[in-house]
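Some notes on the structure that comes next.
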Amino acid sequence: MIEAQTSLVPAKKFYSRYIGRLRGDAMVAFNFDGTADTYYPAAPALEIGTDIALSDVASLRVYGKAGVEFSNKEWEIEGRFAAAENLPGNPALHLTEAVDSPLYRVGAGLELNGVNGAGMSVRYNGAFGETVKQNAVSASFKVSFQAGSRRSRAGES
């Protein structure tokens with residue numbers, strides 16, 4: 001007999017995203033003159049999924065998710081390569097990346113879980129906005145194992 005359990009999971013993310021800074025004496029080091037290196041997106045989402053018991057040792061999880069991300073601004077980086085600091089006519093490098101707001105995010109997945117923690121999964125994630133179109137598909141295989149022998153707790157056999 002196949003049994004299924006469905007779930008509906010609301011999610012929200014509030015976080016800051018930071019652009020790392022490269023400093024130092026290395027040839028590729030980058031010194032920042034002026035940078036707006038942090039922005040603050042909020043991303044509410046909803047995931048719906050179902051777990052289907054295929055047998056006593058195997059289950060299948062199917063899910064889909066959708067959300068939208070709102071953010072406050074663009075990323076701006078201004079600076080120069082450290083190795084070129086003292087060269088004449090060394091203009092600053094100025095980069096600006098627009099951050100789409102809203103940015104629509106979607107995803108779907110299929111997870112097959114078997115005996116002793118073995119399993120495999122296939123996932124799709126996409127993001128779509130005014131200038132962004134991202135698609136990603138990934139797959140994984142897992143095998144869980146425990147080194148050593150199992151110890152029983154006191155009073156258990």
Side-chain angles (χ1 to χ4, degrees), residues 1-24 28-79 92-153 155-156:
M1 180 172 159
I2 296 177
E3 295 180 22
Q5 179 180 0
T6 303
S7 61
L8 184 63
V9 181
K12 59 190 175 302
K13 287 184 187 177
F14 298 101
Y15 58 96
S16 65
R17 186 162 285 173
Y18 174 76
I19 299 173
R21 298 178 178 217
L22 299 173
R23 295 183 183 262
V28 295
F30 197 78
N31 293 326
F32 290 83
D33 298 333
T35 301
D37 57 7
T38 307
Y39 80 102
Y40 304 94
L46 189 61
E47 179 179 309
I48 186 166
T50 187
D51 293 305
I52 303 166
L54 301 175
S55 69
D56 291 342
V57 295
S59 67
L60 180 68
R61 174 155 176 74
V62 180
Y63 67 90
K65 59 185 177 179
V68 62
E69 181 176 300
F70 301 98
S71 62
N72 65 330
K73 63 184 229 168
E74 302 179 328
W75 279 345
E76 293 183 34
I77 302 172
E78 185 175 325
L93 176 64
H94 184 86
L95 303 172
T96 301
E97 181 179 341
V99 177
D100 282 1
S101 184
L103 182 63
Y104 302 98
R105 297 190 175 275
V106 295
L110 182 68
E111 300 172 2
L112 178 62
N113 296 301
V115 67
N116 294 330
M120 57 188 280
S121 63
V122 178
R123 293 171 298 281
Y124 165 78
N125 286 299
F128 305 95
E130 187 176 326
T131 62
V132 172
K133 290 187 182 31
Q134 296 176 340
N135 294 286
V137 175
S138 61
S140 63
F141 178 72
K142 68 176 182 174
V143 177
S144 299
F145 57 92
Q146 181 178 0
S149 62
R150 298 186 73 159
R151 291 186 245 170
S152 64
R153 295 184 186 151
E156 293 180 6

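If you read the sequence from its start, that first residue is 1, and numbering goes on from there.
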Verdict with reasoning, Arg61 to Ser59, per side chain to side chain donor-acceptor pair (under 3.5 Å): CA-CA 7 Å; Arg61 174 155 176 74; Ser59 67; over 6 Å; no

From CA spacing to verdict: side-chain contact (heavy atoms from CB on, under 4.5 Å), Ile52, Thr50: CA-CA 6 Å; Ile52 303 166; Thr50 187; 4.2 Å; yes

Criterion side-chain contact (heavy atoms from CB on, under 4.5 Å) on Leu110 and Leu112, from CA distance to verdict: CA-CA 7 Å; Leu110 182 68; Leu112 178 62; over 6 Å; no

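The two residues Tyr63 and Arg123 make their nearest non-hydrogen contact at OH-CG, 3.4 Å. Counting all heavy atoms, side chain and backbone alike, Leu103 lies closest to Gly129 at CD1-N, 3.8 Å. Residue Phe141 comes nearest to Met120 through the heavy atom pair CD1-CB, 4.1 Å, listed as atom of the first residue, atom of the second, then distance.
By the 4.0 Å N-to-carboxylate-O rule, Glu47 lies too far from Arg105 to be salt-bridged with it.
A donor-acceptor pair under 3.5 Å is formed between the side chain of Ser101 and the backbone N or O of Ser71. Asp100 contributes a side-chain N or O that, together with a main-chain N or O of Thr131, makes up a donor-acceptor pair within less than 3.5 Å.
Atom CG of Asn135 has more than 12 heavy atoms from other residues, nucleotides or ligands within 6.0 Å.
Taken from OH in Tyr104 to CD in Glu130, the straight-line distance is 10.5 Å, to the nearest 0.5 Å. Annotation: the span from Leu60 atom CG to Leu54 atom CG amounts to 5.5 Å, rounded to 0.5 Å. Between the CG atom of Asn125 and the OG atom of Ser138 there is a distance of 6.5 Å, given to the nearest 0.5 Å.
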